Amino acid sequence: MPVEQTQLKEALEALKETGVRITPQRHAILEYLINSMSHPTADDIYKSLEGKFPNMSVATVYNNLRVFREVGLVKELTYGDSSSRFDFITTHHYHVICDSCGKIVDFHYPGLDEVEHLASHVTGFKVGNHRMEIYGTCPDCSTKETH
């Protein structure tokens, strides 16, 4: 079974366990998030699914994303004043963000877990989590700049 199918199945189980009803829209939004590598905005999700669900509104998408966030399936990414983007939570990962087009790409670096231990040791804080973003210019925008 492909990873995406397993993730969708587990996510739907997690929703059921918390008493959230699985509507066709919820299923489709969740599936879209799992398969999307682009960290979509609510508007991106709405535009991709409106053909399949003509009666669905942007508010429906937002409400479902809020439910997914509360259940712990989705992370809301807010950078600057642009629209929030949504990320299906898999493993701990970090984001590289393009200053030109806003594209967000995941990368994994397990070594950063040590930062939490060090921060806790040095400050005495009980560290819960951390967040790191790296900014630069993506390959597509770099190519445009040189032409």
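All heavy atoms count here, side chains included; hydrogens, waters and symmetry mates do not. Predicted model, so just to flag it, every value in this text is computed and none were measured. Start at 1 with the first residue, then count along the sequence.
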Measuring from atom [atom1] of [X] to atom [atom2] of [Y], what distance do you get when rounded to the nearest 0.5 angstrom?
| X | Y | atom1 | atom2 | result |
| --- | --- | --- | --- | --- |
| Y135 | D99 | OH | CG | 8.0 Å |
| Y46 | Y62 | OH | OH | 12.5 Å |
| L15 | L30 | CG | CG | 6.0 Å |
| I45 | L33 | CD1 | CG | 4.0 Å |
| Q7 | N35 | CD | CG | 8.5 Å |
| S57 | N63 | OG | CG | 7.5 Å |

- Any side-chain heavy-atom pair of K75 and F86 under 4.5 Å: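 With C-beta onward as the side chain, the pair stays apart.
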
Are the side chains of H39 and V105 in contact, using a 4.5 Å heavy-atom criterion? no

Stepwise, does the side chain to side chain contact (heavy atoms under 4.5 Å, CB included) test hold for C101 with C138? CA-CA 8 Å; C101 68; C138 72; 3.8 Å; yes

Nearest atoms (heavy-atom pairs only) where [X] meets [Y]:
| X | Y | result |
| --- | --- | --- |
| V67 | R26 | CG2-NH2, 4.2 Å |
| V61 | I29 | CA-CD1, 4.0 Å |
| Q25 | F53 | CG-CD2, 3.9 Å |
| A14 | L73 | CB-CD2, 4.2 Å |
| S84 | T78 | OG-CG2, 3.2 Å |

Without swapping roles, check the side chain of [X] against the backbone of [Y] for a donor-acceptor pair under 3.5 Å.
| X | Y | result |
| --- | --- | --- |
| S120 | V127 | no |
| T60 | M56 | no |
| R85 | L77 | no |

message = Hydrogens and angles aside, do D44 and T41 bring a side-chain donor and acceptor to less than 3.5 Å of each other?
response =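 D44 vs T41: donor-acceptor pair found between side chains.
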
Take D140 and K144 through the test salt bridge (Lys or Arg N to Asp or Glu O under 4.0 Å) and record every step on the way to the result.
CA-CA 6 Å; D140 293 341; K144 287 179 202 156; over 6 Å; no

Given the rule in the side chain to side chain contact (heavy atoms under 4.5 Å, CB included) test, do H27 and L12 qualify, once you have shown the distances and angles that lead to the verdict?
CA-CA 8 Å; H27 189 283; L12 292 169; 3.5 Å; yes

E13 bridged to K9 by N-O distance under 4.0 Å:
no

